[in-house]
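These notes are about the structure you will find just below.
Order of the sequence lines fixes the chain letters, A, B, ..., with proteins taken first and strands second; residue numbering starts at 1 for each chain.
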Number of protein chains: 2
Amino acid sequence: MTEPRTPDVAATRAPAKKHARDGKPNATIYDIAKVAGVNPSTVSRALSKPGRVSAKTQKLIEDAAAELNYQVNPFARALPTGRTNTFGLIVADITNPTFFDIIRGAETTATVRDYTLVLAESAESAVTELTAARRMMATVDGLILASPRMDDDDIRTLARDKPVVVINREVDGVPCVVPDVNKGISEAVRSLAANGHTKVAFVAGPAQSWMSARRWEGVQAACEWSRLEAVRLESTKPTVDGGRQVARDVRASGATAVLTYNDLLAIGLMQELQAAGMVVPDQISIVGFDDIFGADFTTPPLTTVRSPLGECGSGAATLLLDLLHGTGEPAATLRVETELVLRGSSGRLLPEG
Amino acid sequence: MTEPRTPDVAATRAPAKKHARDGKPNATIYDIAKVAGVNPSTVSRALSKPGRVSAKTQKLIEDAAAELNYQVNPFARALPTGRTNTFGLIVADITNPTFFDIIRGAETTATVRDYTLVLAESAESAVTELTAARRMMATVDGLILASPRMDDDDIRTLARDKPVVVINREVDGVPCVVPDVNKGISEAVRSLAANGHTKVAFVAGPAQSWMSARRWEGVQAACEWSRLEAVRLESTKPTVDGGRQVARDVRASGATAVLTYNDLLAIGLMQELQAAGMVVPDQISIVGFDDIFGADFTTPPLTTVRSPLGECGSGAATLLLDLLHGTGEPAATLRVETELVLRGSSGRLLPEG
DNA sequence: AGGCTTTTGTCAACCGGTTGCCATAAATTG
DNA sequence: CAATTTATGGCAACCGGTTGACAAAAGCCT
């Protein structure tokens, strides 16, 4: 080594910035340029515009970069370009297991494509959600909204600024990933019909939930097809507790089989019915939706219409990344299949004993 | 030709940067300066250095900012300062419910303090974890490692660069948040002793798990104090499946009460034992750790030693934020209490029938 | 009033990449 | 071999804030 980087001034300067607490400052393209004997702009091109510089210089620069252990400064890059290699995911409730797999799916896909996932929670509030979304917009390249609570119009407004993908809801003009409930529901209802049930109750979710409406429609249609009677009951909230509270109405309805908006409701409902002495599935069949973590912890384990949540998350991420790099695709809705997961909470109705 | 660059071209400019797709470009401090009739640097100070400018100018600038709907550009700020108002959280497994509440706790605290949470998963691998951590280091102000798998030394190395807080493990010289297992464990063991149990098995977690070691120590100590016999069994992995697999060993051990490294093991174990015809808790008592989501879905619901996971998450975030702003605090370990949550899976041992 | 300290605002140099424009060198063509 | 096109590298402006140095203005004191 002929010269030790920078004379003796080097020892004095460097207040304490990029190299947070100790260590040497991170290498910059200027350092590389010096080592490789070229202009910084050439370094920039070599590192980000493939083919723009000659193979010889390319190699020279890459070697220097490797030697200096160079890493781009994401902020410096983001400033002029606006690109951040980051995208946001907003979920209604981090502790709702429905979102676990969505988060994981999105995170995994992001990491593979060299993106970073930024997470925010809306606490089930439309305004919090919009605030979080707005704040994120400034720092991400795109946004995924999982089961958003805000208005269609707000979503479209956001989508005009940066690519947005919606999960579990369909919004005109915005790319969406939605489970197609029909297959799973018809399997479920056919199974119930085959087991001798004639009256089915559906416990609905939140009034503003797009998904709840779809599921109710699906249940109605499938029941009609199988010539079963379908009744709709309302729940107070889509949680275990809400499930407990709706148990009274379920018994009063006279239905022998229940489908609930989601698994949490089903679990709460089953707990309450069992506590009241009813036997599942001998006296009543219970079917949930989603197949969340823990759905098989119950006794009997919960029959449920599974949505491939992980797939939704990774599908949304893929859609988003394609949108970001892609050729300005048509932004179609991505539909993923649902299927019945038959476990112990549904089955043949036993004659009154 | 004084300046060739951009005369009237200006009208044409604005390719499509900061104002991503449409709309007006975001306001900058230069715009504010123009409106308020001051220098941009004054604007900068007014907006970030309280007290540095006169009340009069302050108001002038704030009004202009409000009028223009100004929002700082995080990248422009990060570039010279290195501060990003962001911190990272790395968890071993996003779908492991243990982390759900940790994530939520951290996210909530972050949002309240006006920070953004960036999430990454290590897929239970020490190298993936270190890679993720390194990558994050460049873009965050600090890092939280939840149940990290990497070496103490790697953690300390990271901690030399930027503030790092560790959850669920103690690392010398690094601030940590750990549940203090003793209270919960002694409650659990006392309860078992009171119910006539004399031999207790502990199903251990991963060999490298710091927490597993602490829990085994706690169980040993508590059993000694209550004059119970304690045996240790190994599990293949800390999941429901691992719990099923260890059931054989549990039966062979002759213990009438089992504590498992975590709730997932307990749930799997209970499922397997029940499938083999054993009655819980009449023939065997089962106690888990953590009180994860779903621990009360089982029949009987799981007795468990609860760790306040949400508190761990928010505590770690608070510690980190204090570290970032604070006066260079001593970085002590934060201990949070555990407690026994008595449910149905543990109780009095029935005499053999 | 003159001298001295304290406020307050301005100037200009950064932070570290990106990119349009231009000049030169190299390659292609007539 | 001159003329023209193309490949390549350099120059310098720019993204939008931050901050040290400094000067003008204002306040304070005797």
Side-chain angles (χ1 to χ4, degrees), chain A residues 13-20 25-34 36-61 64-65 68 70-85 138-139, chain B residues 1-7 9-10 12-20 25-34 36-61 64-65 68 70-85 138-139:
Chain A
R13 70 119 181 283
K17 291 269 168 73
K18 312 287 86 174
H19 49 98
N26 290 341
T28 72
I29 57 169
Y30 297 91
D31 300 328
I32 297 180
K34 211 175 298 171
V38 298
N39 188 283
S41 59
T42 306
V43 175
S44 173
R45 290 195 178 98
L47 264 28
S48 53
K49 297 269 170 66
R52 182 58 173 72
V53 303
S54 69
K56 205 182 67 204
T57 333
Q58 179 84 28
K59 172 107 176 45
L60 206 62
I61 290 172
L68 295 175
Y70 170 79
Q71 302 193 167
V72 294
N73 178 321
F75 309 114
R77 172 171 289 174
L79 192 45
T81 63
R83 279 181 295 107
T84 64
N85 266 236
T139 57
Chain B
M1 209 147 304
T2 49
E3 43 174 348
R5 218 181 42 68
T6 39
V9 195
T12 328
R13 72 119 184 279
K17 291 271 167 74
K18 312 287 86 173
H19 49 97
N26 290 342
T28 72
I29 56 169
Y30 296 92
D31 300 328
I32 298 181
K34 210 175 299 170
V38 298
N39 189 285
S41 58
T42 306
V43 176
S44 173
R45 290 203 173 91
L47 263 28
S48 52
K49 297 271 168 65
R52 181 60 172 72
V53 303
S54 69
K56 204 182 69 208
T57 343
Q58 179 83 30
K59 173 108 178 41
L60 207 61
I61 290 172
L68 294 175
Y70 169 79
Q71 302 194 166
V72 294
N73 178 323
F75 308 114
R77 171 172 289 174
L79 192 47
T81 62
R83 280 180 294 106
T84 65
N85 265 233
T139 57

Any idea which of [options] is nearest the [X] side chain?
X	options	value
B/P80	D/dG16, D/dT19, D/dC15	D/dG16
A/S54	C/dG16, C/dT8, D/dT8	D/dT8
A/S48	D/dT19, C/dG9, C/dT18	C/dT18

Please report, rounded to the nearest Å, how far the [atom2] atom of [N] is from the [atom1] atom of [X].
X	N	atom1	atom2	answer
B/I61	C/dT8	CD1	P	12 Å
B/N39	D/dG17	CG	P	14 Å
A/R77	D/dG16	CZ	C1'	18 Å
B/K56	C/dT8	NZ	C1'	10 Å
A/I32	D/dG9	CD1	P	15 Å
A/L79	C/dG17	CG	P	12 Å
A/K34	C/dG17	NZ	P	13 Å
A/F75	D/dG16	CZ	C1'	14 Å

- Is there side-chain contact between A/V43 and A/Y30, with at least one heavy-atom pair below 4.5 Å? no
With rounding to the nearest 0.5 angstrom, report the [atom1] to [atom2] distance, [X] to [Y].
X	Y	atom1	atom2	result
B/L60	B/I32	CG	CD1	11.0 Å
B/F75	A/T81	CZ	OG1	8.5 Å
A/L68	A/I29	CG	CD1	12.5 Å
A/N73	A/T28	CG	OG1	9.5 Å

- When B/T42 and A/A76 are each assigned the nearest nucleotide of DNA chain C, the 5'-most assignment goes to B/T42
Can you give each donor-acceptor pair under 3.5 Å made by side-chain atoms of residues 47-58 of chain A, sequence neighbours left out, with the distance rounded to 0.1 Å?
| unit_1 | atom_1 | unit_2 | atom_2 | d |
| --- | --- | --- | --- | --- |
| A/S48 | OG | A/S44 | O | 2.8 |
| A/S54 | OG | A/T57 | N | 3.3 |
| A/S54 | OG | A/T57 | OG1 | 2.5 |
| A/Q58 | NE2 | A/A46 | O | 3.0 |
| A/Q58 | NE2 | A/E62 | OE2 | 2.9 |

- Query: If you look at every strand shown and take non-hydrogen atoms under 4.0 Å, does A/V38 touch a base, only sugar-phosphate, or nothing?
  - Reply: sugar-phosphate
Between the protein and nucleotides 20-28 of chain C, which nitrogen or oxygen pairs come in under 3.5 angstrom?
| unit_1 | atom_1 | unit_2 | atom_2 | d |
| --- | --- | --- | --- | --- |
| C/dG20 | O6 | A/R45 | NH2 | 2.5 |

- A/S44 side chain N/O closer than 4.0 Å to the phosphate oxygens (OP1, OP2) of C/dT18? yes
- Message: Taking only side-chain N and O atoms of B/Y70, does any of them lie within less than 4.0 angstrom of OP1 or OP2 on D/dG17?
- Response: yes
- For A/P74 and A/V72, the nearest pair of non-hydrogen atoms, with its separation, is CD-O, 3.3 Å
